[in-house]
Protein chains: 2
Amino acid sequence: MALFLSTYLNKVDRKGRVSVPASFRAALAGQAFHGVVAFPAVGVPSIDCFGIDRMERLSASIDDIDLFSDRQRNLSATIFADSHQLAFDGEGRILLPEALVKHTQIADQALFAGAGPSFQIWHPDAFRRYQQDARGKAQGLSVKLRPAESGS
Amino acid sequence: MALFLSTYLNKVDRKGRVSVPASFRAALAGQAFHGVVAFPAVGVPSIDCFGIDRMERLSASIDDIDLFSDRQRNLSATIFADSHQLAFDGEGRILLPEALVKHTQIADQALFAGAGPSFQIWHPDAFRRYQQDARGKAQGLSVKLRPAESGS
DNA sequence: GTGTTTCCCATTGACGCCCATAATTACCCA
DNA sequence: TGGGTAATTATGGGCGTCAATGGGAAACAC
C-alpha cells in the first residue's frame with residue numbers, strides 16, 4: 001500500500017508542468033500506469049491524487065455495493081467523470097489539465113500534501129488556510145490504532 | 001513492537017545531521033523503511049518519531065473508517081502532511097528538515113527521549129523544563145499493566 | 001500551418017554515500 | 001581483577017549522484 005507523507009512546494013513552469021515529489025513517485029512505483037489519477041476534491045479547492053491501483057479498487061468497491069443506486073450514480077458523476085490520468089514524463093513531471101487548474105487556482109507554484117493513502121495538490125495559500133482550520137477541528141478527534149499485525 | 005527507552009544528547013553538525021542513538025536504531029531494525037517518521041508534536045516544541053510500520057497502521061486505520069469524509073481530511077492535513085520520512089545515512093544519522101528545526105528551536109544539540117512505542121527529539125533546555133512540569137502532574141496518576149501475551 | 005504535447009538534453013544545488021578519526025564501550029585472556 | 005585489544009559509536013568532511021527546473025526540437029492533432 002502506498003503511503004504519502006510530508007509536503008512539498010514545487011514550481012509550475014510556463015508549459016504547465018510540475019514535478020511530482022520523488023518520494024511520491026517512489027510510492028507509486030510498480031503500478032500498472034506510470035503516473036497518477038487526479039480529480040477535483042469535493043468541497044475544497046484541491047486535487048486528490050493516487051495510483052491507478054487504488055482507483056481500480058475504488059471502482060470495484062462501488063461496483064460491489066450498489067449497482068444503479070443514487071449513491072453509485074453520484075460517485076460516478078463526481079469522481080470518475082472528473083478524473084484524469086496524468087502520465088509522468090521522463091523527469092517525473094505531470095501536466096495539470098485546465099479544469100484542475102481552474103478548480104484550485106494554481107498559478108506558478110503547486111503544493112503537494114501527503115494524506116496517507118493519497119495526496120493532494122493545492123495552491124500554497126489555500127492549503128495554509130485550510131490547514132489552520134483543520135488543526136482546530138482535529139483537536140479532540142482521536143484515532144485508535146488498529147492492532148498490530150503479526151511481527152513488529 | 002519497538003520500544004524506546006532512556007535519553008541521549010547528540011550533536012547537530014553544520015550540515016544539520018544528527019546521529020540517532022544506536023539503541024533506537026536497533027529498535028527500528030527490520031522495518032520496511034530504513035529511517036524514522038517524524039512530525040511536530042501538537043502543543044509542545046518537540047518532534048514525535050516512530051517507525052514506518054506504525055504510520056502505516058495509522059494510515060490503514062483512517063482509511064477503513066471514512067473515505068472522503070471531513071474527518072479524514074482534517075486528520076490528513078494535520079498528521080500526514082506535517083510528517084517527514086527521515087532516512088538513515090550509512091552512519092545512522094538523519095537530517096532535520098527546516099520545519100522541524102523551527103518548531104523545536106534545535107540548534108547545535110538535540111536531545112532524544114525514549115517514550116515507549118515512540119521517541120521524541122527536543123532542544124535540551126526545552127526538555128528539561130517540560131520534564132520538571134510533567135513530574136509534578138504525574139503525581140497521583142497510576143498505570144495498569146496489560147496482561148502479558150504468550151511468549152515474552 | 002498553428003498550437004499543443006512529448007521527448008531529449010543542460011544546469012545547479014541539495015542530498016546520499018563514502019572514508020577517516022576519535023572516543024567510548026565491550027570483550028578476552030592472563 | 002586488571003590490562004590490553006577489538007568493536008562499535010559518534011562525529012567531521014569530500015565528492016559523486018540525483019532531483020528539480022528550464023528550454024529546444026521533434027511528433028502529433030486539429
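Letters A, B, ... mirror the listed sequences (proteins, then strands); counts begin at 1. Note that the structure is predicted; figures quoted are calculated from it, not measured.
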| task | Show your working on side-chain contact (heavy atoms from CB on, under 4.5 Å) between A:Val44 and A:Trp122 and close with a plain yes or no. | result | CA-CA 10 Å; A:Val44 286; A:Trp122 292 79; 4.1 Å; yes

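Shown here is B:Phe88, whose CZ atom has more than 12 heavy atoms of other residues, nucleotides or ligands within 6.0 Å.
Residue contacts for A:Val18: at a heavy-atom cut-off of 4.0 Å it reaches no nucleic acid atom on any strand shown. At a threshold of 4.0 angstrom between heavy atoms, the contacts of B:Val12 with the nucleic acid are absent.
When the ring-ring contact (aromatic ring centres under 6.0 Å, His included) test is applied to A:Phe24, the partners found at least two apart in sequence or on another chain are A:Phe4, A:Tyr8, A:Phe119. Qualifying side-chain contact (heavy atoms from CB on, under 4.5 Å) partners for A:Val12, counting only residues two or more places apart in sequence or in other chains: A:Val18, A:Ile106, A:Ala110.
The CG atom of A:Asn10 sits 10 Å away from the P atom of D:dG22 (whole-angstrom rounding). Rounded to whole Å, the distance from CG on B:Leu9 to P on C:dT24 is 14 Å. If you measure from atom CG of A:Asp89 to atom C1' of D:dA20, you get 11 Å, rounded to the nearest angstrom. In this entry the distance linking CD1 of A:Ile94 with C1' of D:dA20 reads 14 Å, nearest Å. If you measure from atom NZ of B:Lys11 to atom C1' of D:dT9, you get 14 Å, rounded to the nearest angstrom. The OH atom of A:Tyr8 sits 12 Å away from the P atom of D:dA19 (whole-angstrom rounding).
Closest approach of B:Ala38 to B:Ile47, counting heavy atoms only: CB-CG2, 3.6 Å. Taking both residues in full, the closest heavy atoms of B:His123 and B:Ala107 are given as CD2-N, 4.5 Å, listed atom of the first, atom of the second, then distance.
Judged purely by distance below 3.5 Å, without hydrogens or angles, the side chains of A:Gln131 and B:Asp82 pair a donor atom with an acceptor atom.
For the helix from C:dG1-D:dC30 to C:dA30-D:dT1, the end axes, each set by the C1' atoms of five terminal pairs, are bent relative to each other by 50° (nearest 10°).
Side-chain contact between B:Val37 and A:Leu3: absent, with no pair of heavy atoms (C-beta onward) separated by less than 4.5 Å. In this structure, B:Met55 and B:Ser83 have side chains that are in contact, with non-hydrogen atoms separated by less than 4.5 Å. Between A:Pro117 and A:Phe50 the shortest side-chain heavy-atom distance does not fall below 4.5 Å.
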| said: Strictly under 4.0 angstrom, non-hydrogen atoms only: write out the protein contact profile of nucleotides 23-30 of chain D, one letter per nucleotide from the 5' end, B, S or -. | reply: BBB-----

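Residues in residues 15-28 of chain B take part in these salt bridge (charged side-chain N to carboxylate O under 4.0 Å, His left out) pairs, two or more places apart or across chains: B:Asp13-B:Arg17.
Here the nucleotide nearest the side chain of A:Ala22, chosen from D:dA19, D:dA10, D:dT21, is D:dA19.
For residues 95-124 of chain B, proximity to DNA chain D is found at no residue, defined as any non-hydrogen atom under 4.0 angstrom from a strand atom.
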